[in-house]
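Below you'll find the structure, written out as structure tokens, and then a few comments.
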Amino acid sequence: MKATERFKKRYVLFRVIGEQGATESEVRNCVHEAVLSFFGEDGVSCAAFKLVHYGHAKKIGIARVQREQAGKMVACISLVNSIAGKGARLECVRSSGTVAALLRKA
Amino acid sequence: MDLHEGEISGTNSICISQLPKNFFFSSMDAAQLLSGAKKCALIRSPQYDAQEGWVSAAAQSGCAIVFGVCDAARLAGFKKAILVSKMRMLVAMCKKYGAKICVCSLAQKEYEARNEHERLCFAMYLGLERKEAKEAVGLLGKKLKVVQ
């Protein structure tokens, strides 16, 4: 496949911040529910969303998304105001074309 | 809506509690807005109702209409969708009449404050171009400098 025909993707690094801690499963569920309600089933499949990684120790996660939808993904993540009813939110820290670059600069 | 590496800023916006009292002008009356609002005042309408007379008066008086990320984030489901739809209509009306737009967090708690990039993406999601969105995001800082 030509480089120009490749699926263009971006990785968005986010972290969990807030007053009350949320468990790993709660954060994962929250991300999936937020993205599904924001984009819809069709939108999620078109945007090729995937929660690539979530590290509960550092409370940072990485979401993969189609490059054209990266801005919408940041808006979607920033519109999360509570996680499982607890006062916490997801903050977008950085976005990049590779996971390695994200983790290096995080 | 394209996103470039390294554009995400670590600067957080400030909470409402840190702002001076009566920082936002909240009258929905066009006549009152024309006579009472100071030049470059920020007008906040929590319902985000797009009224042509009001937006036109805001444009004439040089006021900026405030859009809060937290106003949308506090709601969920259908209510959130309706509010975002209202915001989009108001943004379109502001563009039509040339009224200024200010996108800020309107955070009640410290952790609710959105960084510059999140606000920029939200502004673009509401229908602003990148250049307009950057201006809308930077307007609150300019206004705060004037107040201080």
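Here is the naming used below: chain letters follow the sequence lines, and residue numbers restart at 1 for every chain.
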* Within a strict 4.5 Å, meaning less than it, do heavy atoms of the R114(B) and R89(A) side chains meet? -> yes

* L79(A) vs F122(B) side-chain heavy atoms within contact, under 4.5 Å -> yes

Transitive ILVMFWY side-chain link [X] to [Y], under 4.5 Å:
X      : Y       : value
L75(B) : L126(B) : yes
M89(B) : Y125(B) : no
L83(B) : M93(B)  : yes
Y48(B) : I82(B)  : no

* Heavy-atom neighbours of F78(B) CZ exceed 12 at 6.0 Å -> no

* Do other residues, nucleotides or ligands put more than 12 heavy atoms under 6.0 Å from the CD atom of E41(A)? -> no

* Hey, could you give me the NE2/OG distance between H117(B) and S95(A), rounded to the nearest 0.5 Å? => 5.5 Å

* Asked: Shortest non-hydrogen contact from V69(B) to S78(A)?
  -> CG1-O, 4.3 Å

* Asked: Between N115(B) (side chain) and V93(A) (backbone), is there a donor-acceptor pair under 3.5 Å?
  -> no

* Structure fact -> Bottom line for A34(A): the part with an atom under 4.5 Å from chain B's heavy atoms is neither

* To do: Heavy atoms only, distances under 4.5 angstrom: which of N81(A), I17(A), V80(A), I77(A) has the most pairs with chain B? Name it, please.
  => N81(A)

